[in-house]
There are 2 protein chains.
Amino acid sequence: MEKAQKAFFETYTDFQCYVIAQVNNGDFNGVGATHYNIVEYLYRNGPATGKTLAQKFHISAPAISRHVKLLLEKKLLVQKQLPEDRRNFLLEVTGKGKLLVDGSENQRHSVTTRISSMLPKNELEQFTRTLRKIVDILKEE
Amino acid sequence: MEKAQKAFFETYTDFQCYVIAQVNNGDFNGVGATHYNIVEYLYRNGPATGKTLAQKFHISAPAISRHVKLLLEKKLLVQKQLPEDRRNFLLEVTGKGKLLVDGSENQRHSVTTRISSMLPKNELEQFTRTLRKIVDILKEE
DNA sequence: AAATTTATTTAACTTTGTTAACTATTTACA
DNA sequence: TGTAAATAGTTAACAAAGTTAAATAAATTT
């Protein structure tokens, strides 16, 4: 294997360990990583249906259904049945849900905040561009 | 939130979805993602003990123990008790284990290979440098 | 020699994903 | 228009892979 490839490979796998560990361990007041990501996604992108979330997060509809059920119980989301197609339920973040995302004690959010604040702006921009390319490569399959 | 930060944040979370999906779904002949990562790590870095693996992958000793047990059953690893301290068991990749990693049908390996072959060399090097910084930031805590 | 520490394993449990089967609703079309 | 197919979501049963607590065996400390 070529040197640049090898360096990338090692760093990437090292990084992957952290991402996985963060997902496995991150549980904040009974709100797991995927729970949090759902709330945050709906906060930033506006209301969406369960189906959209399943596609976004690449998990099955029943998995989303269980997550949403818990988030409704915790009053972090509310559900609105659409009159034009009553099979669809739009999910919306509550004030409490927004507080969860905005909260400064939020570890999940702070990881990306910390990363982006510790890199020079141009380096961050270049990194984001390459990472976007990588995501697009991954999406192709 | 600043524009560059926001772009990073969105791309990062999108990327994270793929990493997690890959870990959840990736099961190749009964060998899951962590199983494979263990074999590959030992292949590339030489024999190591369970304790080392637990530290490397940020998972508990019992989790490693279960993974290793399966990998021994599948003859992908062998175990050698060290005479100088018989509590330590060095884990080593077998020929069969090496074939798993080297195999061209190997999806896990091919993700990083595909990424690195689709980026210009200097972009890959810059990306690796920034990603290494990020891993170091994450390691600090 | 006894107590403590260390590496590993076993047992019991939790979380979070999966597929299969179900309900409710909408759409297609003979 | 009435029936069949498709779609969104849920429930049930299960699997994978993590966790902590407790057990074992070996080495080290006192």
**Prompt:** Got B:Val101 and B:Tyr36 here, is their nearest side-chain heavy-atom distance under 4.5 Å?
**Reply:**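 Sidechains of B:Tyr36 and B:Val101: in contact.
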**Request:** Taking the side chain as every heavy atom from C-beta outward, state whether B:Lys6 and B:Lys3 have any atom pair closer than 4.5 Å.
**Result:**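 No, every pair of side-chain atoms sits at 4.5 Å or beyond.
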Grab the [atom1]-[atom2] distance between [X] and [N] for me, whole Å please.
{"X": "B:Ile38", "N": "D:dG18", "atom1": "CD1", "atom2": "C1'", "answer": "12 Å"}
{"X": "A:Leu82", "N": "D:dA8", "atom1": "CG", "atom2": "P", "answer": "12 Å"}
{"X": "B:Asn37", "N": "D:dA16", "atom1": "CG", "atom2": "C1'", "answer": "15 Å"}
{"X": "A:Lys51", "N": "D:dT10", "atom1": "NZ", "atom2": "P", "answer": "14 Å"}
{"X": "B:Arg86", "N": "D:dA26", "atom1": "CZ", "atom2": "P", "answer": "5 Å"}
{"X": "A:His67", "N": "D:dG9", "atom1": "NE2", "atom2": "P", "answer": "15 Å"}
{"X": "B:Leu71", "N": "D:dA17", "atom1": "CG", "atom2": "P", "answer": "10 Å"}

**Message:** For a 4.0 angstrom threshold against heavy atoms of chain A, report the outermost contacting nucleotides of DNA chain C in 5' to 3' order.
**Reply:**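 Answer, 5' to 3': C:dT16 to C:dT26.
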**Request:** Residues of residues 53-66 of chain B with any non-hydrogen atom less than 4.0 angstrom from an atom of DNA chain C: list those, numerically ordered, please.
**Result:**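 Listed by number, they are B:Ala61, B:Pro62, B:Ser65.
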**Request:** Map B:Ile20 and B:Asp85 onto DNA chain C by nearest heavy atom, then report which one ends up closer to the 5' terminus.
**Result:**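 Its nucleotide being nearer the 5' end, the pick is B:Asp85.
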**5' precedence on DNA chain C between A:Gly32 and A:Gln81 (nearest-nucleotide basis)** =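 Nearest-nucleotide comparison on DNA chain C picks A:Gly32.
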**Item:** From CA spacing to verdict: salt bridge (charged side-chain N to carboxylate O under 4.0 Å, His left out), B:Glu123, A:Arg129
**Value:** CA-CA 10 Å; B:Glu123 188 174 358; A:Arg129 273 194 295 275; over 6 Å; no
**Message:** Tell me whether the rings of B:His58 and A:Tyr18 are parallel (<30°), tilted (30 to 60°) or perpendicular (>60°).
**Reply:**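 Judged by the thresholds at 30° and 60°, the geometry between B:His58 and A:Tyr18 is tilted.
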**Request:** Would you name the heavy atoms of B:Gly97 and B:Val39 that are closest together and state the gap between them?
**Result:**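 Smallest heavy-atom distance, with atoms named: O-CG1, 3.7 Å.
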**Asked** What pair of heavy atoms forms the shortest contact from A:His67 to A:Ile59, and how long is it?
**Response**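 Where A:His67 meets A:Ile59 most closely, the heavy atoms are CD2-CD1, 4.1 Å.
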**Asked** Looking for any heavy atom pair under 4.0 Å, which part of the strands does B:Gln79 touch: base, sugar-phosphate only, or nothing?
**Response**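 Sugar-phosphate contact only - B:Gln79 comes under 4.0 Å of backbone atoms but never of a base.
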**Request:** Measure centre to centre between the rings of B:Phe127 and A:Phe127, then say whether the value is under 6.0 Å.
**Result:**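 Yes, ring centres under 6.0 Å apart.
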**Message:** Could you work out, with salt bridge (Lys or Arg N to Asp or Glu O under 4.0 Å) as the rule, every residue matching A:Lys75, not counting sequence neighbours?
**Reply:**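 Salt bridge (Lys or Arg N to Asp or Glu O under 4.0 Å) list for A:Lys75, sorted by chain: empty.
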**Item:** Side-chain N,O (B:Arg87) to OP1/OP2 (D:dA25) below 4.0 Å
**Value:**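 It does not, given that no N or O in the side chain of B:Arg87 lies less than 4.0 Å from OP1 or OP2 of D:dA25.
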**Asked** Is it true that a side-chain atom of A:His35 and a backbone atom of A:Gly32 form a donor plus acceptor pair closer than 3.5 Å?
**Response**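 Side chain of A:His35 to backbone of A:Gly32, a donor-acceptor pair under 3.5 Å: yes, one is there.
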